[in-house]
Amino acid sequence: MEILDKLYRFKDENILISLVLSYGDGDYAKEVEDYALAKFPGKVEAIFDYMSHDDYIRYLNTVDIWILDYAGQNALGNFVRLLYLGKKIFLNEDSVMMLASRIEALEVYKVPDIDNMTFEEFSRPIENKDINRVFAEASFDENRAIRRWKSFFKELK
């Protein structure tokens, strides 16, 4: 709901607030949806049902901006897919994903930056899609994944 408050100043812009609420507490998800509908009438889509993998990837590609505001490493798979798709991503500045983004020089943004952006700046696509994509592609490399798991299992012995 804090993120919805940040976005509220863009309520008169051409914006669709898409809420993926298929995880966690159903009552809280409904509360978030109601809050969003009150702040952005006619500009909210809420997703409560799980999608097939292929449908979810197609869905990820329809959204221009993703805001992942949590300090943990939740949604790491989404994060990598979004990087690959060239989406603009806002992260919690204290998150593991932000740390990795800084180390890898990825083009991502901090959630607090939203407060100081115009709608034009907020909605502008990223410039360095190639840097983000190359990083993401490495995560999809089957041979690299096999080497990681072998190393992991070796450490367990």
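If you're wondering where the values come from, they're calculated on a predicted model, not measured in any experiment.
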So which heavy atom on [X] is nearest to which on [Y], and how close?
X	Y	answer
Ser123	Ile65	CA-CD1, 3.8 Å
Thr118	Phe10	C-CE2, 4.0 Å
Leu85	Ile57	CD1-O, 4.5 Å
Gly86	Lys129	O-CE, 3.6 Å
Met1	Val32	CG-CG2, 4.3 Å

Report the distance from atom [atom1] of [X] to atom [atom2] of [Y], rounding to the nearest 0.5 Å.
X	Y	atom1	atom2	answer
His53	Tyr56	NE2	OH	10.0 Å
Leu82	Leu68	CG	CG	6.5 Å
Leu7	Ile3	CG	CD1	6.5 Å
Phe119	Ile114	CZ	CD1	12.0 Å
Asn128	Phe135	CG	CZ	14.5 Å
Leu99	Glu93	CG	CD	12.5 Å

Donor-acceptor contact present, side-chain [X] to main-chain [Y], <3.5 Å:
X	Y	answer
Glu107	Glu127	yes
Ser95	Leu91	no
Asp25	Tyr28	yes

Check whether [X] and [Y] end up in the same hydrophobic cluster, where Ile, Leu, Val, Met, Phe, Trp and Tyr are linked by side-chain heavy atoms less than 4.5 Å apart.
X	Y	value
Leu106	Tyr70	yes
Val63	Ile67	no
Phe90	Tyr84	no
Tyr109	Met97	no
Ile131	Met98	yes

Any carboxylate oxygen within less than 4.0 angstrom of a Lys/Arg side-chain nitrogen, looking at [X] and [Y]?
X	Y	result
Arg58	Asp55	yes
Arg124	Glu121	no
Lys88	Asp64	no

side-chain contact (heavy atoms from CB on, under 4.5 Å) evaluation trace for Leu60 with Trp66: CA-CA 9 Å; Leu60 289 176; Trp66 283 83; 3.3 Å; yes
Walk me through whether Tyr50 and Val20 qualify under side-chain contact (heavy atoms from CB on, under 4.5 Å). CA-CA 9 Å; Tyr50 292 98; Val20 179; over 6 Å; no
Given side chains that start at C-beta, do those of Asp115 and Lys6 come closer than 4.5 Å, heavy atoms only? yes
Quick one: does Glu31's side chain get under 4.5 Å of Asp27's, heavy atoms only?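 Glu31 vs Asp27: side chains apart.
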Evaluate the side-chain contact (heavy atoms from CB on, under 4.5 Å) criterion for residues Asn61 and Lys87: first the C-alpha distance (whole Å), next the side-chain angles of each, then the deciding distance (0.1 Å), finally the verdict. CA-CA 8 Å; Asn61 202 33; Lys87 302 302 179 175; 3.5 Å; yes
Please tabulate, for side-chain N and O atoms in residues 35-48, each donor-acceptor pair with protein atoms closer than 3.5 Å (sequence neighbours left out).
unit_1	atom_1	unit_2	atom_2	d
Tyr35	OH	Asp5	OD1	2.4
Tyr35	OH	Asp5	OD2	3.3
Lys39	NZ	Asp5	OD1	3.4
Lys43	NZ	Lys11	O	2.7
Lys43	NZ	Glu13	O	2.5
Glu45	OE2	Ser18	OG	2.8

